[in-house]
Amino acid sequence: MAAKKSARKSAKKSAARRTTPRKPAPKDKDLNDLFYDQLKDVYFAEKQILKALPKMAKAAQSRDLEAAFTKHFHETEGQVDRLEQVFRLIDKPARTKTCDAIMGILDEGKEVMDEYRGTEALDAGLLAAAQAVEHYEMARYGTMKAWAMQLGMHEVVRLIDETLEQERKTDKDLTILAEGAVNSEALAA
Ligand SMILES: [Fe+2]
C-alpha cells in the first residue's frame with residue numbers, strides 16, 4: 001500500500017517536472033520523421049552557435065583561442081549551408097526547432113564570460129564551454145549520419161560526414177589549446 005502511494009507520488013512529481021505536456025504519439029511516424037526533427041533541431045543549434053562564436057572570440061584573451069573561434073565561425077556558416085542542402089535533398093522546408101540542450105550549453109558559456117571577465121581563468125572556461133558545444137554537435141551529427149545511412153540517403157551522409165569531421169577537428173584543436181598555454185596561464189595566475 002505504502003509502496004503504491006509512493007509510486008503515485010513520484011509519478012505525480014515527474015509529471016510536474018515535465019515542461020511540455022506529452023502529446024499522444026502518432027502511430028504513423030517513422031525514422032524519416034525522426035531525421036527531419038533532428039535536422040530542424042541541429043539547424044536551430046548551428047544558428048545559435050553562429051551568434052555565440054563572435055562573442056566568444058571577442059572575449060578570448062589568448063590570440064590562438066580567438067583565432068580558433070573565428071575559424072570555427074566561418075566553418076559554421078558552411079555547416080548551416082550544408083544543412084540547407086540536406087533540407088532540399090529530403091524535399092522539406094528549412095525550419096528550426098528550439099533545442100533546449102544547446103541553449104543550456106550556450107547559457108553556461110555566457111555565465112563564464114560574465115563571471116570570469118578579466119580573470120586569467122576566463123579562457124579555460126571558454127574552452128570548456130566550446131568543447132561542450134562540439135561534443136553536443138558530434139553526438140547529433142553522428143546519430144544523423146547513422147540514420148541517413150539506414151535510410152539510404154548517400155548524398156546526405158556525405159554532407160553530414162563533412163560537417164562531423166569539421167566538428168571533430170575543432171574539438172581536437174581545442175584540446176591542444178586546452179593542454180597548452182591556456183590552462184597553464186590559468187594555473188599560473
Ligand atoms: Fe557546428
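Both ligands and their constituent atoms are indexed starting at 1 by order of listing. Owing to the predicted nature of the structure, the values given are computational and were not obtained by experimental measurement.
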Backbone N/O of Glu111 and side chain of Asp114: donor-acceptor pair under 3.5 Å: no

Where the Fe ion (ligand 1) is the vertex, angle from Glu46 OE1 to Glu137 OE2 to 10°: 80°

Backbone N/O of Glu134 and side chain of Asp171: donor-acceptor pair under 3.5 Å: no

Minimum-distance N/O/S atom that Glu167 presents toward the Fe ion (ligand 1): OE2

Ile102 reachable from Leu83 in the ILVMFWY side-chain graph, under 4.5 Å edges: yes

N, O or S from Gln79 under 2.8 Å to the Fe ion (ligand 1): yes

Under 3.5 Å: donor-acceptor pair, side chain of Glu167, backbone of His135: no

N, O or S of Glu134 under 2.8 Å from the Fe ion (ligand 1): no

